[in-house]
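Below: one structure, written as structure tokens.
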Amino acid sequence: MRRLIACLAMLAAAVSAQAQPAYPDRPVRMVIPFAPGGAADVVGRIVAQGMGEDLGQTVVVENRGGSGGIIGSQAALQAPADGYTIVLHTLSSGVMNAGLYANMPFDLRRAFAPVGLVGTVPNIIVVNPRVRAQTLQELVALVRANPGRITYASSGPGTIVHLSGQMLANMIGAEMVHVPYRGSGPALADLMAGTVDVMVDTLPPYVALVREGRVRALAMATRSRSAALPDVPTAEEAGLPGYETYNWHAVFVAAGTPAPIVARLERALRNAVAAPATRARLVELGVEPIGAGAAELERFWDEQFRIWIPVIRASGATAN
């Protein structure tokens, strides 16, 4: 009798499994918690196309900007945790908001589950050519000899540009003056004009400017040199080991999404980033493709929290 009951239970489970449609059986929504036209939007659309081709379903991009990415994150969390809504996070929306907002409506680390890391965008340390520093070590000496007199520009309080400059000051062990702007464009304009001295920003806009001599590159804030500017040393090579700062793009789902669905999305992301056409488009944007899976992203994500939350607290930056 027990054997019969067990057989009937197995049969019922098999019938139920067969009745469930294969995932995905309809379009998947990718929420990008930033406005259209920015770097995250462009990267997200490239990845969405590649994932959609692998999944056999369209991945529809939905921009939900506002509050530094919180509005779009909430929109993604309000959907069922069934894999039909995914979100593309950056360092800002995926980590920094946890330190910048005192009244976050959700716990970032617990609310989302990793799918995969698309890639990173390297940062570069640049100065106005009139600054008396030809190397990073010379800049360090200059800042230490003139505490509170060397200025660094940012695209606004609490941005990666601000906090990368703050991290640099922390590691130098001397004060630099933060000059915030409303975006990287105005900050870069004043850097080139000599109104401010230093900036740590994402690489793509600076490649041509460095080649033309309009700004001076002192170091890449990454572990390896950039193919775009191969003569620029890394911070470690330039005498500041441990200084590493870059932006990144990664795909997440709401926590509680079934493991088999997460695994399917992970495979789609890996295949999308590995595709030559996708990789070429990402590289052209200044993104270094990685295509890491969920487990690797989880370790990376935890490390990013450990690095950036203390920097945010030391800076005093808030975004309430």
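Excluded from the calculations below are hydrogen atoms, water molecules and symmetry mates; all remaining heavy atoms, backbone and side chain alike, are included.
Under a 3.5 Å cut-off, the side chain of N128 and the backbone N or O of L191 do form a donor-acceptor pair. Listed for the S154 side chain is no donor-acceptor partner under 3.5 Å among the backbone atoms of P180. Between the side chain of S73 and the backbone N or O of G69 there is at least one donor-acceptor pair closer than 3.5 Å.
Here the side chains of Y84 and I261 are not in contact, with every heavy-atom distance at 4.5 Å or above. Between I71 and P33, the closest side-chain pair of non-hydrogen atoms is not below 4.5 Å. In this structure the side chain of N123 reaches within 4.5 angstrom of the side chain of I160, judged on heavy atoms. With contacts defined as side-chain heavy-atom distances shorter than 4.5 Å, the pair M96/H162 does not qualify. The side-chain heavy atoms of Y152 and M199, taken from C-beta on, include no pair separated by under 4.5 Å. Put simply, the side chain of V273 does not reach to within 4.5 Å of the side chain of I290, judged on heavy atoms.
Between F112 and W301, the ring center distance fails the sub-6.0 Å criterion.
When every heavy atom of I307 is checked against every heavy atom of V311, the shortest pair comes out as O-CG2, 3.3 Å. Closest approach of L269 and G291 over heavy atoms only: CD2-CA, 4.3 Å. Between S226 and L203, the closest heavy-atom pair is OG-CD2, 3.3 Å.
The structure places CG of N271 at 4.5 Å from CG of D54, a figure rounded to the nearest 0.5 Å.
Salt bridge status for D197 with R130: absent, with no side-chain N to carboxylate O gap under 4.0 Å. A salt bridge is defined here as a Lys NZ or Arg NE, NH1 or NH2 lying under 4.0 Å from an Asp or Glu carboxylate O, and R270 with E296 meets this definition. Comment: E62 engages R64 in a salt bridge, judged by a side-chain N to carboxylate O separation of less than 4.0 angstrom. For the pair D41 and R45, the salt-bridge criterion is met [side-chain N within less than 4.0 Å of a carboxylate O]. The residues R225 and E237 are annotated as salt-bridged, a charged nitrogen and a carboxylate oxygen being separated by less than 4.0 angstrom. We find that D231 and R211 are not joined by a salt bridge, their nearest charged nitrogen and carboxylate oxygen being 4.0 Å or further apart. Using a cut-off of 4.0 Å between Lys/Arg side-chain N and Asp/Glu carboxylate O, E298 and R109 are scored as salt-bridged. Between R26 and D82 there is a salt bridge, with a side-chain nitrogen of the basic residue lying less than 4.0 Å from a carboxylate oxygen of the acidic one. Ion pairing between a basic and an acidic side chain is recognised when a charged N comes within 4.0 Å of a carboxylate O; R223 and E244 show such pairing.
When each of L229, V215, T245, D201 is checked for a side chain to side chain contact (heavy atoms under 4.5 Å, CB included) with I124, only L229 meets the rule.
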